[in-house]
A.B. asks: 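Dumping the structure here so I can ask a few things about it.
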Amino acid sequence: MIIDSNNRPWIWGILAVGSGSAVGYALYAMNSPNGPSGGSWPGLLFGTVAIGLMVFAALLGARRKYPTLHVGRMQFWMRGHLWLGLLSFLMVLFHSGFRVNGTLNTVLFVLFTLVIVSGLVGTLLQQILPRLMMEQIPTEVVFDQADKFIDQLVSKAQQRVESLAPKAGKTDTEPDNRTYEHIKRFYTDELTPFLRGQKPSRLLSTELRSDAVFSQLRKITAPPAHPVIEDLRTMVRQRRDLTRQMRLHHILHNWLLIHAPLSAAVLVLTVAHVVMSLRFLSGQ
Amino acid sequence: MTTKTLMNRLSVAAAAVAAVWILALTIIGRNDVFSPGPLSREHSVIGGQCQSCHTGAGAALFLRNVTNAACEKCHAGPVHHQNQVYEGRQGVQPPCAGCHLEHQGETARPALVVDGHCTQCHRSLEVAGSTTFAKTVTSFSGDHHPEFRVIAERRRDSSAIKLNHQIHLRADLPGPDGRPVQMQCTDCHRLGKDGSTMMPVEFERDCQSCHSLAFDPRSPEQAPHEDPQLVEAFVRVELARLAGRKIENRTSVRSLAALRQMLSDAPRNLPETLERQITSANRLLLQTRCSECHMISNLSSPIPVVETPNIPLQWFKHSHFGHAQHRMLQCASCHADVKNSSQTEDVLLPGKTTCLHCHGSGAASADCVTCHTYHDKTGTIVYPASLVPGQVRP
């Protein structure tokens with residue numbers, strides 16, 4: 001989700017609520033002889049609000065699962081997830097009085113902090129990486145169709161290479177034969193494994209080496225094959241772009257592999273925290 | 001496997017791990033994991049037995065707060081003042097757990113209540129009826145705490161005793177053997193076993209080596225430091241013995257019981273010369289020895305009256321002072337005027353300003369509980385049934 005001007009109401013909203021809560025917290029902390037505590041009524045209030053916000057943030061997953069539900073636009077849920085999730089951390093701090101004691105509470109707080117940090121990292125990546133992809137990868141491929149795109153590249157390369165095969169009945173074919181064999185061998189040994197991503201190619205994985213390789217290929221082949229070589233070179237560049245795109249895509253999405261599971265664990269532990277806290281309410 | 005599928009599976013796994021962890025802890029009874037923090041060292045014996053203190057009725061299994069009854073199973077918590085008002089009700093005090101915090105870690109001490117609990121009432125004291133206590137106390141520093149009453153009211157020591165600190169601390173004071181000695185405060189003032197209060201000065205231990213109660217050069221015995229009646233009986237018995245009279249049940253024991261026995265056993269109606277000797281020795285003893293320190297009235301009568309000294313054991317009625325905690329200081333650091341004090345009436349206690357040197361600069365604690373005790377423990381201790389004979393259940 002890109003943070004643009006549409007997020008402004010949310011930002012102002014959480015700044016206002018956060019500031020108001022901070023003032024309320026300061027007053028409550030100053031007037032509590034023992035200092036703030038999660039068991040006091042203001043502490044319970046902050047805790048309840050925090051849980052409400054956390055549950056709302058967690059509902060984004062459900063909302064995604066049922067995209068056709070008429071419960072607000074996805075953008076609304078995304079923004080709510082980001083900003084209210086962030087606000088929930090502030091509420092948790094006010095609830096705990098900036099102190100964490102006890103095993104369950106410590107585990108819960110550490111996990112929740114990791115959820116927030118991973119979420120912020122993810123948000124930051126979402127601001128940077130899409131722009132980077134647009135700048136660095138001119139031929140962006142739909143991620144789910146990457147395999148199909150690779151198949152197409154391999155197939156297209158094969159067609160172009162086979163187009164150089166000597167025609168039957170043609171005289172003086174020796175130069176064509178040699179050119180075809182060079183390119184065919186290059187296609188089989190280097191190009192196909194590289195395009196399929198079966199093995200890392202030292203020759204084709206960087207632009208500099210790749211250019212040198214294709215220049216050498218041009219030198220040892222007949223001029224009629226040069227347009228084919230240029231096409232192959234373009235395909236290699238597209239494959240390199242795809243590799244870079246996939247790497248960026250993984251970075252862009254893999255933070256969710258930390259964020260979502262930890263969020264699930266936090267929700268379960270929060271339920272345990274609420275149940276045990278209400279069971280042995282300190283009464284202070 | 002796509003990122004989304006992996007994420008969903010990991011989420012289910014993480015939630016399951018968390019749930020299994022909680023369930024396992026619940027089943028094996030590891031309540032300490034759910035605790036908001038370790039108990040103080042004093043309460044660590046309770047361990048994970050939450051229900052030992054969380055005995056509140058609550059609703060079903062919930063809202064089981066810590067009740068006063070649970071605390072009072074082991075601790076007496078007498079009311080602060082009978083005329084105190086809390087939340088508009090007389091003689092009511094806050095719940096124990098309201099002031100004494102637990103689950104703050106092993107080194108935390110629940111007995112050390114923070115000032116806010118005291119000042120919530122003492123910042124604007126409201127009592128049932130009148131009070132002589134300061135009505136606005138917010139902290140020990142500055143004007144937020146009154147001067148100690150004994151200093152503020154310039155009270156005088158009305159003890160019926162004659163003591164001149166100036167003479168006793170003179171450098172050329174003759175010692176027991178006549179040679180000059182320099183007395184130290186600790187020669188007479190000794191710490192009690194509690195390490196806080198000073199023990200009362202005792203004649204036999206602290207004074208007698210210089211202030212002899214000898215009454216006859218023929219006798220190595222000294223008169224007992226007791227009531228004039230007992231002194232007279234002792235002198236009577238001793239002089240009669242020196243005159244060759246046989247004394248029944250004479251004992252060398254100087255216990256009070258033995259002296260009282262002597263009161264009834266002392267020979268009476270002795271020859272006039274001996275009676276005169278006894279009267280003369282007794283009077284001399286009272287005039288020259290006893291009256292050196294004591295207020296004696298009706299000195300011409302056979303048994304004069306020695307006023308009870310009534311030396312206060314504790315000057316500060318509503319606070320406690322630990323001399324042991326201040327042992328790194330010289331006595332004169334606080335009791336500055338002792339060397340110049342020639343009057344018994346001089347109250348040689350330090351004022352608040354002296355305390356503030358350390359207790360107002362952050363060098364030492366200035367919390368209310370440093371000097372004051374909330375619960376009035378001067379009354380009878382109410383023991384729990386388990387400690388009362390005949391009430392212990394089999």
A.B. asks: Go through Val275(A), Leu262(A), Asn254(A) and name the one with the most non-hydrogen pairs under 4.5 angstrom from chain B.
C.D. replies: Val275(A)
A.B. asks: With no hydrogens and no angle check, is any side-chain donor or acceptor of Asp115(B) less than 3.5 Å from a backbone partner on Cys368(B)?
C.D. replies: yes
A.B. asks: Rounded to the nearest 0.5 Å, what separates atom SG in Cys53(B) from atom CZ in Arg64(B)?
C.D. replies: 13.5 Å
A.B. asks: Please check: side-chain N/O of Ser361(B) versus main-chain N/O of Cys358(B), any donor-acceptor pairing under 3.5 Å?
C.D. replies: yes
A.B. asks: At a heavy-atom distance under 4.5 Å, which candidate from Ala18(B), Ala16(B), Pro38(B), Pro36(B) has the highest pair count against chain A?
C.D. replies: Pro36(B)
A.B. asks: Donor-acceptor pair, distance only, cut-off 3.5 Å: does the side chain of Gln314(B) make one with the backbone of Ser319(B)?
C.D. replies: yes
A.B. asks: Give a yes or no on this: more than 12 heavy atoms of other residues, nucleotides or ligands lie within 6.0 Å of atom CD of Glu106(B).
C.D. replies: no
A.B. asks: Please flag which part of Leu10(B) lies under 4.5 Å from any non-hydrogen atom of chain A: side chain, backbone, both or neither.
C.D. replies: both
A.B. asks: Which class fits the ring pair His95(A) and His273(A): parallel under 30°, tilted 30 to 60°, perpendicular over 60°?
C.D. replies: perpendicular
A.B. asks: Please classify the contact between Ser35(B) and chain A as side chain, backbone, both or neither, with a heavy-atom cut-off of under 4.5 Å.
C.D. replies: backbone
A.B. asks: For Val271(A), is it the side chain, the backbone, both or neither that has a heavy atom under 4.5 Å from a heavy atom of chain B?
C.D. replies: neither
A.B. asks: Counting heavy-atom pairs under 4.5 Å to chain A, which of Pro94(B), Ala19(B), Cys50(B) comes out on top?
C.D. replies: Cys50(B)
A.B. asks: Quick one: what part of Cys99(B) sits under 4.5 Å from any heavy atom of chain A, side chain, backbone, both or neither?
C.D. replies: backbone
